[in-house]
Amino acid sequence: MIQVTRSSMPDYEEYCREIRSMWDSHWLTNMGEKHRQLESDLKAYLDTPNIVLYTNGHLALEDAIAAMDLPEGGEVITTPFTFASTTHAIVRKGLKPVFCDIRLSDFTMDPEKIRPLITEKTCAILPVHVYGNLCDTEAIAAIAEEYGLKVIYDAAHAFGVRKNGISAANFGDVSMFSFHATKVFNTIEGGALCFRDSSLTEEFNDRKNFGIRNPQEVVFVGGNAKMNEFQAAFGICNLRHVDEEIAKRRKADALYRRLLEGQKGIVIQKLSPEDKANRHNYAYFPVLFDGYRMSRDEVSDALKAHGIMARKYFWPLTSSFECYRGETFADPSKTSCAGYAAERILTLPLYADLTEEDVRRICAVILEA
Ligand SMILES: *Cc1c(COP(=O)(O)O)cnc(C)c1O
């Protein structure tokens, strides 16, 4: 059996050493020593001026939206080619998603298609760095500036990615990372917000703790989204090894490319060359089956028959979700490239410990079935 992903875990002894001090302190959550250390380790790793940790990425995203002071019922331009979390966060915060189409070259929001969607109600843009492919951040920043819009990035996939020397943490007003077990870097469940305006640090820290600033002052109708000490300790350990993990992913990615490239109807996204200033994280290996002799669903079934779990990620579009049926914003026919990709995309298994033999087996099934 080969799963689509396999969570990175620290060495058992290493984790035990990391959590040992908690049996002396009895400090288990509420911004303890491990929380503070992981925050500072991540600040350095992500090269970002401001970071606040969360118990998961989704609640972080909801707080990011809440802190932007957007008008009730305001329109947020976003993408339907994403995980449920992105769209749900907008709707759960009382805003209206307006779906923009994507580019098939990298599956991120097509900046050429943003302007026609802007109305007097538009208040923010919420794009996703899909598969760790950074959006056209320059074009999006220019539009946001022209119309006075906030930019919130769903950077759940983009841990450790850099473009022209700039970390994925440093685009837009705020970026959300997910440290869920399935992500490149994980704290079991977890997440973080990174942002430019340092005055937001206090607000996010309050919001994730019921809006409590101090025992006398409760300043927001906040929820509870604090990362606990066991999560933070897991992250401290995993962060020590994340570069090796990404290097292993890079090797598997390269082998996939070598084995699948040039096959008619198998479209693999091109990655720009890497150097110190430009880094990918090899979070996923998406393949478009576009005119291949088997459809995406047939390839998926053939893999499953061999015990190999690939994922139709992202299918269906969030604009096709049952929970949004009947909503005026949920019209998948308006985002034809996203719809095209959703019908043809398959992300193949990719994780640090995926062996060369596994990759060869997966490709053999795809090519020989
Ligand atoms: C994983 C993910 C999230 C949500 O993160 P959680 O940590 O699981 O809450 C949001 N957006 C995208 C695109 C994701 O992949």
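Atoms within each ligand, like the ligands themselves, are counted from 1 in listed order.
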TODO: Write out all pairs satisfying side chain to side chain donor-acceptor pair (under 3.5 Å) with one or both partners inside residues 64-75, taking only residues at least two apart or from two chains.
DONE: E75-T119

TODO: Rounded to the nearest 0.5 Å, what's the gap from CG on L46 to OG on S175? Could you check?
DONE: 10.0 Å

TODO: Decide if atom CE of M9 counts as having more than 12 heavy atoms of other residues, nucleotides or ligands within a radius under 6.0 Å.
DONE: no

Open item on the list: Among residues at least two apart in sequence or on other chains, which ones pass ring pair (Phe, Tyr, Trp, His ring centres under 6.0 Å) with F285?
Closed with: Y256

- [ ] Name all pairs fulfilling the salt bridge (Lys or Arg N to Asp or Glu O under 4.0 Å) condition that reach into residues 145-168, sequence neighbours left out, sorted by first residue then second.
- [x] D47-R162, R115-E146, E138-K163

Open item on the list: Between H35 and F230 (judged by ring centroids, cut-off 6.0 Å), do the two rings come close enough to count as a pair?
Closed with: no

What are the atom names and distances for all N or O pairs under 3.5 Å between ligand 1 and the protein?
| unit_1 | atom_1 | unit_2 | atom_2 | d |
| --- | --- | --- | --- | --- |
| ligand 1 | 5 (O) | S178 | OG | 3.2 |
| ligand 1 | 7 (O) | G57 | N | 2.8 |
| ligand 1 | 7 (O) | S178 | OG | 2.7 |
| ligand 1 | 9 (O) | G57 | N | 3.3 |
| ligand 1 | 9 (O) | H58 | N | 2.8 |
| ligand 1 | 11 (N) | D154 | OD1 | 3.4 |
| ligand 1 | 11 (N) | D154 | OD2 | 2.7 |
| ligand 1 | 15 (O) | H157 | NE2 | 2.8 |
| ligand 1 | 15 (O) | K183 | NZ | 3.1 |
| ligand 1 | 15 (O) | Y313 | OH | 3.3 |

